[in-house]
Amino acid sequence: MQKIFDYESDAVKAAKSKDKGENRAVIVAGATAFALAVVKFIAGLASGSVAVLGSAVDSALDCVVSLLNFLALKKSRAAANANFNFGYGKLEAVAAMFEGIFIIGAAAFICYESLLKFNQKNAEIDLNLGIIVMLFSLAVTGGLIAFLGSVAKRTANLIVKADALHYRSDFYANLAVIAALVVVKFTGLTAIDAIFGLVISGLIAHSALNLIKESLGVLLDRALEPEITARIEEIIKSKKEILSYHYLTSRKSGESCFLSVHLVFERGISLFDAHAVSDSVESEIKAEFSELSWQITAHLDPCDDRLGACQI
């Protein structure tokens with residue numbers, strides 16, 4: 001009894017540690033985005049660079065999105081209830097989808113500002129200030145990406161993964177801004193700033209569309225990855241007591257994977273033995289993919305009932 005209690009205690013501790021890691025990741029991302037937004041806004045207005053100003057708007061939206069992510073993350077962990085039998089895990093996907101929409105909005109603003117820049121003749125840009133601020137932003141964003149990436153890999157949380165993906169696109173956008181300012185510095189062609197603004201908006205929009213696509217996959221109950229399903233089928237086929245299987249379906253909600261399958265046994269096998277084989281299949285799946293949370297439902301059949309009920 002003591003051994004079971006200790007095991008459960010360790011599991012609870014691990015879950016709490018994981019939750020704290022996810023919360024910390026979202027809070028750090030939001031605080032970093034707020035600091036970068038303030039610095040970039042001041043630098044963008046002072047330097048006159050639309051690329052720097054556009055990057056500031058993106059960071060400001062990042063801050064808002066991180067707040068929404070934090071609230072969604074807390075709610076997604078709420079226990080299942082009579083109204084929501086499978087919990088609130090899909091709130092992660094909803095938050096990630098809204099983040100993608102916010103990112104597209106930021107891309108549209110940067111595109112608009114860049115087009116206006118083309119009509120401004122002889123626009124002056126404080127290139128040194130812009131370059132220094134963007135180099136600072138590049139270094140901070142790189143450190144944040146490494147931190148979020150490690151948390152996403154450890155927790156497999158979709159919200160943290162979305163933030164890591166978003167800031168990776170920000171990193172490349174910062175590189176593009178720096179490149180644009182350097183080119184303007186050596187050529188004197190201020191239109192380059194506007195051109196790079198358009199390029200940045202395109203890159204940001206592309207990453208946002210990918211994020212929305214992934215979120216919709218979760219919301220529409222997309223099946224598990226083919227490689228995971230193939231490995232599950234191998235585990236089922238390795239059991240000699242199982243004659244065949246059918247109706248294998250799966251979906252993912254937040255960090256929980258839901259799997260359902262019908263297992264066909266010999267008619268004379270006892271329920272106890274069939275149940276033991278089913279339990280072994282479930283245990284192997286959970287051990288093989290221990291980084292995921294599983295809810296597995298196995299229906300035990302005395303025959304293949306796809307064409308109708310089994311005959312007595």
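For clarity, every value in this text was computed on a predicted model and none was experimentally measured.
- Within a 6.0 Å radius of NE2 in His246, other residues, nucleotides and ligands contribute more than 12 heavy atoms.
- Shown here for Ile269 and Ala274, the closest heavy-atom pair between the two residues is CD1-N, 3.9 Å.
- What you find for Ala29 and Tyr167 is that their closest heavy atoms are O-OH, 3.2 Å.
- Here Arg222 pairs with nothing under the side-chain hydrogen bond (donor to acceptor under 3.5 Å, both in side chains) rule; sequence neighbours left out.
- The salt bridge (Lys or Arg N to Asp or Glu O under 4.0 Å) check on Arg251 picks up Asp221, with sequence neighbours excluded.
- Applying the under-4.5 Å side-chain rule to Ile, Leu, Val, Met, Phe, Trp and Tyr, the cluster around Val133 extends to Val39, Leu129.
- Atom OG of Ser278 is separated from atom CG of Leu263 by 5.5 Å, given to the nearest 0.5 angstrom.
- Within a 6.0 Å radius of NZ in Lys286, more than 12 heavy atoms belonging to other residues, nucleotides or ligands are found.
- Residue pairs meeting the side-chain hydrogen bond (donor to acceptor under 3.5 Å, both in side chains) criterion with at least one partner in residues 175-187, sequence neighbours excluded, are Asn128-Lys185.
- To the nearest 0.5 angstrom, Ser250 atom OG is 8.5 Å from Ile228 atom CD1.
- Counting all heavy atoms, side chain and backbone alike, Ser215 lies closest to Met97 at OG-N, 3.4 Å.
- No more than 12 heavy atoms of other residues, nucleotides or ligands lie within 6.0 Å of NE2 in His275, so this atom counts as exposed by the packing criterion.
- Looking at heavy atoms from C-beta onward, Val277 lies out of side-chain contact with Asp273 at the 4.5 angstrom threshold.
- Residues Val281 and Ile296 have side chains not in contact (no heavy-atom distance under 4.5 Å, counting atoms from C-beta outward).
- Looking at every heavy atom in both residues, Val151 comes nearest to Ala25 through CG1-CB, 3.9 Å.
- The CG atom of Leu259 lies 8.0 Å from the OG1 atom of Thr297; values are rounded to the nearest 0.5 Å.
- Residues satisfying the salt bridge (Lys or Arg N to Asp or Glu O under 4.0 Å) test with Glu288, not counting sequence neighbours, are Arg231.
- No continuous path of ILVMFWY side-chain contacts below 4.5 Å connects Ile101 to Leu220, so the two sit in separate hydrophobic clusters.
- Residues Lys252 and Leu292 form a side-chain contact, since some pair of their non-hydrogen atoms from C-beta on lies under 4.5 Å apart.
- Here the closest heavy-atom approach between residue Ile236 and residue Ile242 is recorded as O-CD1, 3.8 Å.
- With rounding to the nearest 0.5 angstrom, the OG1 atom of Thr229 is 6.5 Å from the CD atom of Glu233.
- With hydrophobic clusters built from ILVMFWY side chains whose heavy atoms lie under 4.5 angstrom apart, Tyr245 shares a cluster with Ile235.
- The side-chain heavy atoms of Asn174 and Leu135, taken from C-beta on, include no pair separated by under 4.5 Å.
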If you apply the rule side-chain contact (heavy atoms from CB on, under 4.5 Å), what do you find for Met134 with Leu138, and how did you get there? CA-CA 6 Å; Met134 293 310 300; Leu138 188 71; over 6 Å; no
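- The aromatic rings of His262 and Tyr247 lie perpendicular to each other, with more than 60° between the two planes, well past the 30° mark.
- Phe41 is not connected to Phe34 by any chain of hydrophobic side-chain contacts under 4.5 Å among Ile, Leu, Val, Met, Phe, Trp and Tyr, and they are in different clusters.
- From Glu227, atom CD reaches atom CZ of Phe289 across 8.0 Å, with rounding to the nearest 0.5 Å.
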Using the side-chain contact (heavy atoms from CB on, under 4.5 Å) rule, take Thr141 and Thr32 through it: C-alpha gap first, then chi angles, then the decisive distance, then the call. CA-CA 8 Å; Thr141 304; Thr32 302; over 6 Å; no
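- Criterion: ILVMFWY side-chain heavy atoms under 4.5 Å apart, direct or through other members. Under it, Val264 and Ile232 are not part of a common hydrophobic cluster.
- Two residues are said to be in side-chain contact when any heavy atoms from C-beta on lie closer than 4.5 Å; Val28 and Leu148 fail this criterion.
- Taking hydrophobic clusters as Ile, Leu, Val, Met, Phe, Trp and Tyr residues chained together by side-chain heavy-atom distances below 4.5 Å, Leu271 shares a cluster with Phe265.
- In the hydrophobic clustering (ILVMFWY side chains linked at under 4.5 Å, chained through shared members), Phe136 is joined by Leu36, Val140.
- Side-chain contact check for Leu248 versus Ser260: every heavy-atom pair is 4.5 Å or farther apart.
- Between Trp294 and Glu282, the closest side-chain pair of non-hydrogen atoms is not below 4.5 Å.
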